S.K.: 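Below is the structure I would like to discuss, written out as structure tokens.
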Amino acid sequence: MDFTTFVKPSNGGSGDADAGTNELQFWKHVKYIENHGKQEDDYEYCMTEFLRMSGIYWGVTALDIMGQLDRLERKHIIDFVKRCQCATTGGFAPCEGHDPHMLYTLSAVQVLCTYDALNEIDCEAVVRFIVGLQQPDGSFFGDKWGEVDTRFSFCAVATLTLLKRMDQTIDIEKAVKFVMSCCNQTDGGFGSKPGAESHAGLIYCCVGFLSLTHRLHLLDVDKLGWWLCERQLSSGGLNGRPEKLPDVCYSWWVLSSLTIMGRLHWISSEKLQQFILSCQDAETGGFSDRTGNMPDIFHTLFGIGGLSLLGHSGLKAINPTLCMPQYIVDRLDIEPQRLSRP
Amino acid sequence: MHGRVKVRTTEEERERKKKEHALKVRAYRAAMGRILKKRDAGELDDEMLGLTVQILHRNPDVSTLWNIRRECVLEKINQLAAAATESSKSDEGQAEAEAESAAKPVEQEDKLQSVYGQELTLTEQCLMVNPKSYNAWHHRCWTLEHNPQADWEREVQLCNKYLKYDERNFHTWDYRRYVTAKAAVPAEQELDFCTEKIKVNFSNYSSWHHRSLLLPKLYPNEQRDRPMSEEKLQEELEMVLTAAFTDPNDSSAWFYQRWLLGGGAQADQPPKVVAFRMGATGAVVAFNKPCPDFEQFRVELASNEHMWKLESWQPADSRRTTWRTQTSIDYQKDESYCLKLAEQEIKLLPLPTGDGAFYFVPPHAASSCSKELFEELQTQLQSCYDLLEYEPDSKWTLLTSALLMRAIDVTANHERSLDHLVQLQKVDALREGYYKDLAASWTLELELAKWVTSTEFPKRFELSAESALTSLPYGQYLAIADELELPAKLKEELGDRLPLTFAELKL
């Protein structure tokens, strides 16, 4: 199964062809996502089948933020997601033939929430899958093969939150303790495991985790917020660690973390918006990691998501913790914690 | 999907690429199809290992293929173990050759080691293609964990090699921490390794980070008010300033410097009561940081005669740093009162108006330091001033010198450190909002310390002269005041985030 069948025939309604990259190339991005994987033998598409479920989440979410979700075939996507649920473990594989994993389980549940289709799958089996991966120290394995990472702690609580099954499933106190054991006293940030260097992607996972478990008071907001705002470079883009290059996806991770912490005003939103817009591919649509690079679906979501958080017009609001449209989070009656400005 | 530059290609080149890609897609599909078929049939054999290699060499992120390899490895281990049992029973094995070799335990072990060896070789090859492949790194750990004969020392050497290619690869650093623990490498030796790395290139945040984990262990600070012993701290300050001055625009060393100047590990300390006030109809308590589960605390108020249990606490702010209760207390002004909660016992002072008692401790300022450390800080500050002579807009020097001033004498240097923040708002405009909030923090720290000596303490807090304030950190400290005089602009800015006064709490 590939993305082709998810896409409705395009009516060719692409809008204005203003080639300037200082403006959002709205219709080009819509088309880019719509066409993603249309040629079934597309090399990139084929080589990324191992993360297809996340790919679908990126595309679906970006299109929904742009108010264009109906361009994809709901039924085909839901059928695909259903076929990826592992009958034995309850977890989701990225695509058929591959093994279930925490990462794709979250993506699958996010997609189903967006389509209001959780009733289509065995949710109890998903809960069992997640619960079974928690370790005595509170951490989570990504799958039965034992990789431990704070990303999986986030995936676990995000999935359970979306399923409304946070109560009486996992050991939340232990999960919190593990995540906090990955906090670095030098910069207040988080790495993938205890002792690991702070990294914006993992900071997003841990701040998101604390937002979902309503434990944001455990953060050293001043310290971490300073380190995060120092990620902004003169181009306006944000990097993931000191002395690294800026990147649209890191921009999202830093931006969303700062937003959750009520410290968005510690960076220049205007400059960041300029940077994100400069990473659009004005020809093909889609966003790349940096200005002038090849676009991909992953950076396209984080480009669109970043612009939404910054309040760009014409986009639906996005929730910084779950990276999903806010109206869906509201519909599910979920309230991830957020701190107010000082 | 990172760092691929978009290049213009000719039609001819595009056609060639297209054909090449089509072939690759076909090869991938064929191999993947065969792999899944074999897996269904339970054929976890050498052919399977060969097939997975074909794909993993190009694309080490296909995690399912690593899972299949692990299944193959486990299968091989089982087979070898079974063969060993068979031969020990001196039964005739199903495969003659295998049973024969299994008769010799040395050969048996060699075979086992070659199974593990093959996995290690493959992960090394894959890490050459993608040094940041989570899957390849994890497979390496998994393989070593399964091998009781694992050579951890060799893994440390491998890290040395990989860190030469990329000294910032956090996977390699994580792996290094893992294997040095397994190989029981002493922390001193790791610290030396860090020092060497930093000497080669100061701009190495990863190495500074590694160092920050080792030093508090090797040189602990008993009072926990500094990250490490004062003696070591002084040495580190010298080293990091040299590094920072080598390239003042590189942030790595400056981050480390700020950590050194900070107060040590605070995050895991429980919330502390910083303000309390009670009257006849209730009480308010404020903490230095959020205390979301305060409802569960046992809180008692004791006079010489009586003891009240203070219950039914309600949060008075969204951060839950401030809590109030409407428990009525028969306050007698000649009595002395004491608040007991968790591990704290707090003596209360009578209010000057005689209608209640209170407690207050302003936010902590810099802790005292030894003469040697003090001198080092002054030397560093002087060096910063010297640098600022040549580069008056050097952001990191401006910030660090402000921090140094405050470490030396926070009150005397207050105005000057704020001047630096004002300048930073200009030279580092991206972070203007941060510097404004930092200035507000510093201002409130000073004003709250001064408040204690004011004649109107604790009833009235006067801040209307600070017209530049854009935020009000430490707002919870003001819960004991009846009147807050704040600049109009700040009031407007804060809106409903304006902290409630004692009077407004309507206890």
Side-chain angles (χ1 to χ4, degrees), chain A residues 41 43 46-47 50-51 93 97-99 101 143 145-147 149 180 183-188 191-193 195-199 214 217-218 220 222 225-227 229-230 232 234 236 241-245 247 263 265-268 271 281 288-290 292-294 296 298-299 339-342, chain B residues 1-6 21-22 24-25 28-29 32 36 59 61-64 66-67 70 134 138 142 168 170 173-174 177 203 205-206 208-210 212-213 227 250-252 255-256 259 264-268 289-292 318-320 429-434 437 440-441 471-473 497:
Chain A
D41 280 332
Y43 174 70
C46 173
M47 287 305 157
F50 68 88
L51 47 70
H98 286 242
D99 292 344
H101 194 282
D143 62 15
W145 296 104
E147 190 183 0
D149 193 304
M180 290 314 294
C183 181
N184 291 309
Q185 61 152 308
T186 38
D187 49 35
S192 61
K193 44 181 79 68
E197 180 183 343
S198 297
H199 174 287
H214 289 253
H217 63 275
L218 297 173
D220 188 335
D222 288 336
W226 177 57
W227 190 87
C229 78
E230 280 293 340
Q232 189 165 37
S234 53
R241 292 188 287 155
E243 306 307 324
K244 291 280 186 179
L245 294 169
D247 186 318
R263 299 297 186 276
H265 62 293
W266 283 6
I267 58 169
S268 164
K271 292 279 285 185
D281 191 316
S288 57
D289 56 348
R290 269 187 288 290
N293 283 358
M294 296 282 282
D296 62 64
F298 171 80
H299 288 96
L339 300 178
S340 56
R341 279 181 69 146
Chain B
M1 293 192 283
H2 282 101
R4 287 183 321 172
V5 181
K6 185 168 175 168
H21 279 164
K24 280 185 185 167
V25 166
Y28 172 80
R29 293 241 163 98
M32 206 63 196
L36 295 182
N59 193 349
D61 291 326
V62 187
S63 54
T64 301
W66 293 107
N67 298 347
R70 287 189 277 267
Y134 281 96
H138 175 61
W142 182 90
R168 290 299 306 282
F170 68 85
W173 281 101
D174 287 350
R177 280 180 279 273
S203 173
Y205 193 84
S206 306
W208 291 109
H209 164 74
H210 194 55
S212 77
L213 299 174
D250 183 281
S251 64
S252 312
F255 276 109
Y256 189 74
W259 172 64
Q266 301 288 333
D268 53 346
K289 56 178 169 186
C291 187
S318 65
R319 292 174 64 223
R320 303 191 170 219
L430 290 174
R431 280 161 281 274
E432 187 191 357
Y434 170 72
D437 281 356
S441 283
S471 62
L472 188 68
R497 287 178 287 124

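Throughout, protein chains are lettered first and strands after them, A, B, ... in sequence-line order, and every chain is numbered starting at 1. Just so it is clear, the structure is predicted and the values come from calculations on it, not from any experiment. Only heavy atoms go into these numbers, but all of them, side chains included; no hydrogens, no water, no symmetry mates.
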S.K.: Which of parallel (below 30°), tilted (30 to 60°) and perpendicular (above 60°) describes B/Tyr434 and A/Trp266?
M.R.: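 The rings of B/Tyr434 and A/Trp266 stand perpendicular, inter-plane angle above 60°.
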S.K.: Give, for atom CZ of A/Phe50 and atom CE of B/Met32, the distance between the pair rounded to the nearest 0.5 Å.
M.R.: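 Going from CZ on A/Phe50 over to CE on B/Met32, the span is 11.0 Å.
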S.K.: I'd like to know if the side chain of B/Arg168 reaches the main chain of A/Pro242, judged simply by a donor and an acceptor atom lying under 3.5 Å from each other, with no hydrogens or angles considered.
M.R.: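 Such a contact is found between B/Arg168 side chain and A/Pro242 backbone.
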S.K.: Residues in side chain to side chain contact (heavy atoms under 4.5 Å, CB included) with B/Ser441, at least two apart?
M.R.: B/Glu445, B/Pro473, B/Tyr474
S.K.: Just so I understand: if I count every heavy-atom pair under 4.5 Å between each of B/Asp250, B/Leu430, B/Leu213, B/Leu36 and chain A, which residue has the most?
M.R.: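 Greatest number of close heavy-atom pairs with chain A: B/Leu430.
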S.K.: Could you grab the distance from atom OG of A/Ser198 to atom NE2 of B/His209, nearest 0.5 Å is fine?
M.R.: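 The OG atom of A/Ser198 sits 6.5 Å away from the NE2 atom of B/His209.
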S.K.: Under 4.5 Å from any heavy atom of chain A, what part of B/Arg431 do you find: side chain, backbone, both or neither?
M.R.: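 When you check distances to chain A, atoms from both the backbone and side chain of B/Arg431 fall under 4.5 Å.
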S.K.: Going by the angle between their ring planes, with limits at 30° and 60°, are A/Trp227 and B/Tyr205 parallel, tilted or perpendicular?
M.R.: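 Plane angle between 30° and 60°, so tilted.
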S.K.: Give the member of A/His101, A/Lys244, A/His98 that has the highest number of heavy-atom pairs under 4.5 Å with chain B.
M.R.: A/His98
S.K.: Go through the structure and list residues passing side chain to side chain contact (heavy atoms under 4.5 Å, CB included) with B/Glu432, not counting sequence neighbours.
M.R.: B/Gln425, B/Lys436
S.K.: Decide whether A/Gln185 and B/Ser212 meet the rule of one side-chain donor and one side-chain acceptor closer than 3.5 Å.
M.R.: no
S.K.: Let me confirm one number: the NE2-SG distance from B/His21 to A/Cys46, rounded to the nearest 0.5 Å.
M.R.: 10.5 Å
S.K.: For B/Arg177 and A/Gly195, indicate whether the former's side chain and the latter's backbone hold a donor-acceptor pair under 3.5 Å.
M.R.: yes
S.K.: Of the backbone (N, CA, C, O) and the side chain (C-beta and beyond), which part of B/Ser252 lies under 4.5 Å from a heavy atom of chain A, both, or neither?
M.R.: both
S.K.: Would you check if the side chain of B/His138 reaches a backbone N or O of A/Trp145 as a donor-acceptor pair within less than 3.5 Å?
M.R.: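 At least one qualifying donor-acceptor pair exists.
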S.K.: Check whether any side-chain heavy atom of B/Phe255 sits under 4.5 Å from a side-chain heavy atom of A/Thr186, and report yes or no.
M.R.: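 Heavy-atom side-chain distance check fails, nothing below 4.5 Å.
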S.K.: Which atom names give the shortest non-hydrogen contact between B/Ser206 and A/Arg241, and what distance separates them?
M.R.: OG-NH1, 3.6 Å
S.K.: Heavy-atom distances under 4.5 Å only: say whether A/Ser288 touches chain B with side chain, backbone, both or neither.
M.R.: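 Contact with chain B: none, neither part.
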S.K.: In terms of heavy-atom proximity below 4.5 Å to chain A, should B/Tyr256 be classed as side chain, backbone, both, or neither?
M.R.: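 Neither the backbone nor the side chain of B/Tyr256 comes within 4.5 Å of chain A.
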S.K.: Measure the shortest side-chain to side-chain distance between A/Leu51 and B/Asp61 over non-hydrogen atoms and say whether it is less than 4.5 angstrom.
M.R.: no
S.K.: Looking only at side chains, do A/Glu147 and B/Trp142 share a donor and an acceptor under 3.5 Å apart?
M.R.: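 No, because no side-chain N or O of A/Glu147 sits under 3.5 Å from a partner of the opposite role on B/Trp142.
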S.K.: Taking A/His217, A/His199, A/Lys193, A/Glu230 one by one, which has the highest count of heavy-atom pairs under 4.5 Å against chain B?
M.R.: A/Glu230
S.K.: Would you say B/Ser471 and A/Arg341 make side-chain contact, with heavy atoms under 4.5 Å?
M.R.: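 SC-SC contact between B/Ser471 and A/Arg341 ruled out.
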S.K.: Look at the side chain of B/Arg4 and the backbone N and O of A/Asn293, then say whether any donor-acceptor pair between them is shorter than 3.5 Å.
M.R.: no
S.K.: Side chain, backbone, both or neither: which part of B/Asp437 has an atom under 4.5 Å from a heavy atom of chain A?
M.R.: side chain
S.K.: Identify which part of B/Asp174 has an atom lying under 4.5 Å from any heavy atom of chain A, answering side chain, backbone, both or neither.
M.R.: side chain
S.K.: At a heavy-atom distance under 4.5 Å, which candidate from B/Trp66, B/Tyr134, B/Trp173 has the highest pair count against chain A?
M.R.: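 So the answer, after comparing B/Trp66, B/Tyr134, B/Trp173, is B/Tyr134.
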S.K.: Is there a donor-acceptor pair under 3.5 Å between the side chain of B/Asn59 and the backbone N or O of A/Met47?
M.R.: yes
S.K.: Identify which part of A/His214 has an atom lying under 4.5 Å from any heavy atom of chain B, answering side chain, backbone, both or neither.
M.R.: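 When you check distances to chain B, no heavy atom of A/His214 falls under 4.5 Å.
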S.K.: Using heavy-atom distances under 4.5 Å, tell me whether B/Ser203 contacts chain A through its side chain, its backbone, both, or neither.
M.R.: side chain
